[in-house]
Each structure stands twice: as C-alpha cells, then as structure tokens.
J.: 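Just dropping this structure here.
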Amino acid sequence: QVHLVESGGGLVQPGGSLTLSCAASIVNFRTYAMNWYRQAPGKERGLVATISNSDGSTDYADSVKGRFTISRDNDKNTVSLQMNSLKPEDTAMYYCNAERHPYRSGVDYYTRASYWGQGTQVTVSS
C-alpha cells in the first residue's frame with residue numbers, strides 16, 4: 001500500500017509563510033516525480049510545483065513563481081513546499097502527488113503510477 005500524508009496547512013495572514021510537508025510511504029520513492037497541486041472551491045485542480053525524479057529540476061506555476069519553493073529528501077521520502085508572501089488567492093486544498101511515467105533504467109522497467117494524498121487546507125485571510 002502507498003500512503004502520502006500532507007501536513008503543515010493552516011490559517012495564515014496575507015504576506016505570511018507556511019511550509020507544507022508530504023511524507024511518502026512508497027517503494028522506490030526516487031523513481032517518482034513529486035508534485036504539489038491545489039484546488040479551490042469551484043475551480044479545477046491545478047499544478048503548483050513539481051520536482052523531477054532524476055536531476056531534481058523544478059518548475060512552478062506562474063502564479064507562485066518566486067514565492068514558493070519545492071524540495072525533496074530522498075533519504076527521508078519527503079517532499080516540501082515552502083510558501084512565502086502568501087496571498088488570499090493561494091487559499092486552497094493542497095495535495096501531494098507522486099507521479100511516474102513508464103521508463104527504463106538499465107535492466108529495470110518502471111511502470112506508470114500515480115498516487116495522491118488526502119490534502120491539507122491552506123487559508124490565507126486577515
């Protein structure tokens with residue numbers, strides 16, 4: 001069984017900071033790209049940040065670029081999202097996602113897989 005558990009959400013004032021964490025109970029954690037998504041009421045779930053399984057490269061949604069930082073610790077099987085200068089429009093449920101596309105590495109072939117956490121609520125309000 002695979003479990004992704006988010007933590008760190010809460011209520012914060014505009015301009016404040018929060019750090020979200022995701023603990024992954026998953027085999028071969030290093031083979032997965034790790035992502036943070038968010039979804040506000042009435043809106044589609046959208047990608048916030050991603051970090052690769054290979055060289056650790058990152059990418060961000062334009063709306064959070066320069067304010068959010070994603071990182072991973074492959075020894076601890078965790079991924080974090082540091083959020084600074086929070087805005088009311090950042091209010092959403094934030095989800096941790098492990099994503100893997102089929103690929104070969106040496107004699108190994110890794111299958112497609114996708115797993116989601118239950119989410120953690122972030123509310124930015126004064």
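Values below: all heavy atoms of this structure, side chains included; hydrogens, waters and symmetry mates excluded.
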J.: Taking all non-hydrogen atoms of both residues into account, name the closest pair between Ile51 and Val79 and its distance.
T.: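 Distance-wise, the nearest heavy atoms are CG2-CG2, 4.4 Å.
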J.: Test: disulfide bond (SG atoms under 2.5 Å apart). Region: residues 47-92. Which pairs qualify, not counting sequence neighbours?
T.: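 Sorted result for residues 47-92: empty, none.
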J.: Once disulfide bond (SG atoms under 2.5 Å apart) is applied, what residue pairs with a partner in residues 35-126 remain, sequence neighbours excluded?
T.: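 Every pair satisfying disulfide bond (SG atoms under 2.5 Å apart) with a residue in residues 35-126: Cys22-Cys96.
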J.: With rounding to the nearest 0.5 Å, note down the distance linking CD in Glu44 to CD in Gln39.
T.: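 Nearest 0.5 Å value for the CD-CD distance: 8.5 Å.
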J.: Restricting to non-hydrogen atoms, name the atom on Ala98 and the atom on Met34 that form the minimum distance, rounded to 0.1 Å.
T.: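 That would be CB-SD, 3.6 Å.
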J.: Within a 6.0 Å radius of atom CD on Gln118, are there more than 12 heavy atoms belonging to other residues, nucleotides or ligands?
T.: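 It does not: Gln118 CD has 12 such atoms or fewer within range.
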J.: Glu99: what forms a side-chain hydrogen bond (donor to acceptor under 3.5 Å, both in side chains) with it, not counting sequence neighbours?
T.: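 Glu99: side-chain hydrogen bond (donor to acceptor under 3.5 Å, both in side chains) contacts with Ser114.
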J.: Which pair of heavy atoms, one from His101 and one from Arg112, lies closest together, and at what distance?
T.: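 Heavy atoms of His101 and Arg112 come nearest at ND1-NH1, 3.5 Å.
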J.: OG of Ser125 to CG of Asp90: how many Å apart, nearest 0.5 Å?
T.: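 So the OG of Ser125 and the CG of Asp90 are separated by 12.5 Å.
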J.: Would Val48 end up clustered with Val12 when hydrophobic side chains under 4.5 Å apart are linked, directly or stepwise?
T.: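 Cluster IDs for Val48 and Val12 match.
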J.: With sequence neighbours left out, which residue pairs that include part of residues 14-70 fulfil the ring-ring contact (aromatic ring centres under 6.0 Å, His included) condition?
T.: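 The answer is Tyr37-Trp116.
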J.: At what distance, to the nearest 0.5 angstrom, does CG of Asn28 lie from CG of Asn53?
T.: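 Rounded to the nearest 0.5 Å, the CG-CG separation comes to 11.0 Å.
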J.: Measuring from Leu81:CG to Thr120:OG1, what's the distance to the nearest 0.5 Å?
T.: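 OG1 of Thr120 is found 11.0 Å from CG of Leu81.
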J.: Do you know the tightest heavy-atom contact between Val122 and Met83?
T.: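 In terms of heavy atoms, the two residues are closest at CG2-CE, 3.9 Å.
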J.: Examine distances only and state if a side-chain atom of Arg72 and a backbone atom of Ser52 form a donor-acceptor pair shorter than 3.5 Å.
T.: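 Side chain of Arg72 to backbone of Ser52: a pair is present.
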J.: With rounding to the nearest 0.5 Å, note down the distance linking CD in Gln82 to CG in Leu20.
T.: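 So the CD of Gln82 and the CG of Leu20 are separated by 9.0 Å.
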J.: Does Leu47 belong to the same Ile/Leu/Val/Met/Phe/Trp/Tyr cluster as Tyr95, with side-chain heavy atoms less than 4.5 Å apart forming each link?
T.: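 Yes, one cluster joins them.
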J.: What pair of heavy atoms forms the shortest contact from Arg67 to Ser85, and how long is it?
T.: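 Scanning both residues, the minimum pair turns out to be NH1-O, 3.0 Å.
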J.: Applying side-chain hydrogen bond (donor to acceptor under 3.5 Å, both in side chains), name anything that partners Thr78, two or more places apart in sequence or on another chain.
T.: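 side-chain hydrogen bond (donor to acceptor under 3.5 Å, both in side chains) list for Thr78, sorted by chain: empty.
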J.: Is it true that Thr31 and Arg100 share a donor-acceptor pair across their side chains at a distance under 3.5 Å?
T.: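 Yes.
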J.: I'd like to check the side-chain hydrogen bond (donor to acceptor under 3.5 Å, both in side chains) partners of Asp108; sequence neighbours left out, ordered by chain and number.
T.: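 Once residues adjacent in sequence are excluded, Asp108 has no partner under the side-chain hydrogen bond (donor to acceptor under 3.5 Å, both in side chains) criterion.
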J.: So, Arg38 versus Tyr94: side-chain donor-acceptor pair below 3.5 Å or not?
T.: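 Tyr94 and Arg38 do have a side-chain donor-acceptor pair below 3.5 Å.
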J.: To the nearest 0.5 Å, how far apart are OG1 in Thr91 and CG in Leu11?
T.: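 Thr91 OG1 to Leu11 CG: 8.5 Å, rounded to 0.5 Å.
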J.: Could you see if Tyr115 belongs to whatever hydrophobic cluster contains Ile70? Use Ile, Leu, Val, Met, Phe, Trp, Tyr and a side-chain cutoff under 4.5 Å.
T.: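 As far as the 4.5 Å side-chain criterion goes, Ile70 and Tyr115 are connected within one cluster.
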J.: Do any N or O atoms from the side chain of Gln13 and from the backbone of Ser126 form a donor-acceptor pair under 3.5 angstrom?
T.: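 Not confirmed, Gln13 side chain does not pair with Ser126 backbone.
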